[in-house]
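Input: a single structure, listed below in structure tokens.
Predicted, not measured: the structure shown is a model, and the values here were computed from it.
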Amino acid sequence: MNLLFVCSGNTCRSALAEALARKIAARRGITDLNVSSAGTNAWDNAPATDEALLVGMERDIDLTGHRARKLTPAIVSEADLIFVMTADLLEWELEKLFDRLSG
């Protein structure tokens, strides 16, 4: 199973969700799960924000190695399940999907 977390910049919310999902999967011994994240407006290779690093540290999650990546159709096509961090992003993604289907 491939999980994908999406926010706008991929330096805070989706990065934290990805890391938390990995931590929970590891704790439960789930090994057949791939977890990733991306951002609709991400700057490729941008590090996690200071705030995300701090929140991660509070939860024993290390985000120092995280690097943002921009959401692409290829990334979406690899995902079995996509979690978006806000309703606006869900609407935006659905609009793009319907544009592709109708055009």
Side-chain angles (χ1 to χ4, degrees):
M1 162 104 24
N2 295 309
L3 302 183
L4 173 64
F5 294 92
V6 176
C7 70
S8 54
N10 192 218
T11 58
C12 191
R13 294 169 293 178
S14 60
L16 280 165
E18 174 188 357
L20 183 58
R22 286 180 193 277
K23 179 179 178 179
I24 292 169
R27 184 174 61 218
R28 293 182 179 212
I30 299 170
T31 58
D32 58 344
L33 181 68
N34 296 310
V35 183
S36 63
S37 63
T40 56
N41 295 313
W43 291 357
D44 282 328
N45 295 315
T49 64
D50 290 343
E51 294 83 3
L53 290 168
L54 289 172
V55 170
M57 287 171 46
E58 291 172 350
R59 288 162 177 76
D60 197 29
I61 296 172
D62 182 7
L63 290 177
T64 57
H66 175 79
R67 294 297 175 262
R69 64 183 185 150
K70 185 161 180 58
L71 185 66
T72 66
I75 292 170
V76 170
S77 69
E78 294 172 359
D80 295 308
L81 190 56
I82 301 172
F83 296 93
V84 294
M85 301 293 105
T86 66
D88 290 347
L89 287 173
L90 176 59
E91 183 176 345
W92 185 79
E93 289 300 321
L94 287 173
E95 287 288 340
K96 287 183 9 184
L97 173 63
F98 285 112
D99 285 347
R100 278 186 261 147
L101 292 173
S102 65

Next on the checklist: Quick one, Leu4 and Leu71 - any side-chain contact, counting heavy atoms below 4.5 Å?
Outcome noted: yes

Item to check | pair Asn34-Glu78: side-chain heavy atoms closer than 4.5 Å | outcome: no

Item to check | Over all atoms of both residues, closest heavy-atom pair of Ala48 and Leu53 | outcome: O-CD1, 4.0 Å

Next on the checklist: Using every non-hydrogen atom in the two residues, find where Gly39 and Asn10 come nearest and quote the distance to one decimal.
Outcome noted: N-CB, 3.4 Å

Checklist entry - With a 3.5 Å cut-off and no angle check, do the side chains of Ser36 and Arg69 form a donor-acceptor pair? => result yes

Item to check | Rounded distance [0.5 Å steps], CZ in Arg59 versus CG in Leu54 | outcome: 11.0 Å

Checklist entry - Can you check whether Pro47 reaches Arg67 side chain to side chain, under 4.5 Å on heavy atoms? => result yes

Checklist entry - Does one hydrophobic cluster hold both Ile24 and Leu63, with members joined at side-chain heavy-atom distances below 4.5 Å? => result yes

Item to check | Common cluster, Leu3/Leu20, ILVMFWY with side-chain heavy-atom separation under 4.5 Å | outcome: no

Next on the checklist: Tell me whether the count of non-hydrogen atoms from other residues, nucleotides or ligands lying under 6.0 Å of CG in Asp80 goes above 12.
Outcome noted: yes

Item to check | Exercise: identify the closest heavy-atom pair between Ala68 and Thr11 | outcome: CB-CG2, 4.0 Å

Next on the checklist: Does either side chain, that of Ser37 or that of Arg13, offer a donor lying less than 3.5 Å from an acceptor on the other one?
Outcome noted: no

Next on the checklist: On a heavy-atom basis, which atom in Asn41 and which in Lys70 lie closest, and how many Å separate them?
Outcome noted: CA-NZ, 3.9 Å

Checklist entry - At what distance, to the nearest 0.5 angstrom, does CZ of Arg22 lie from CD1 of Ile61? => result 11.5 Å

Checklist entry - Are Ile30 and Phe83 in one and the same hydrophobic cluster, where Ile, Leu, Val, Met, Phe, Trp and Tyr link if side-chain heavy atoms are under 4.5 Å apart? => result yes

Item to check | ILVMFWY cluster, Leu81 and Val35 together (side-chain gap under 4.5 Å) | outcome: yes

Item to check | Shortest non-hydrogen separation from Ala38 to Ser14 and the atoms involved | outcome: O-OG, 3.7 Å

Item to check | Non-hydrogen atoms of Met85 and Phe5 that approach each other most closely | outcome: CE-CD2, 3.7 Å

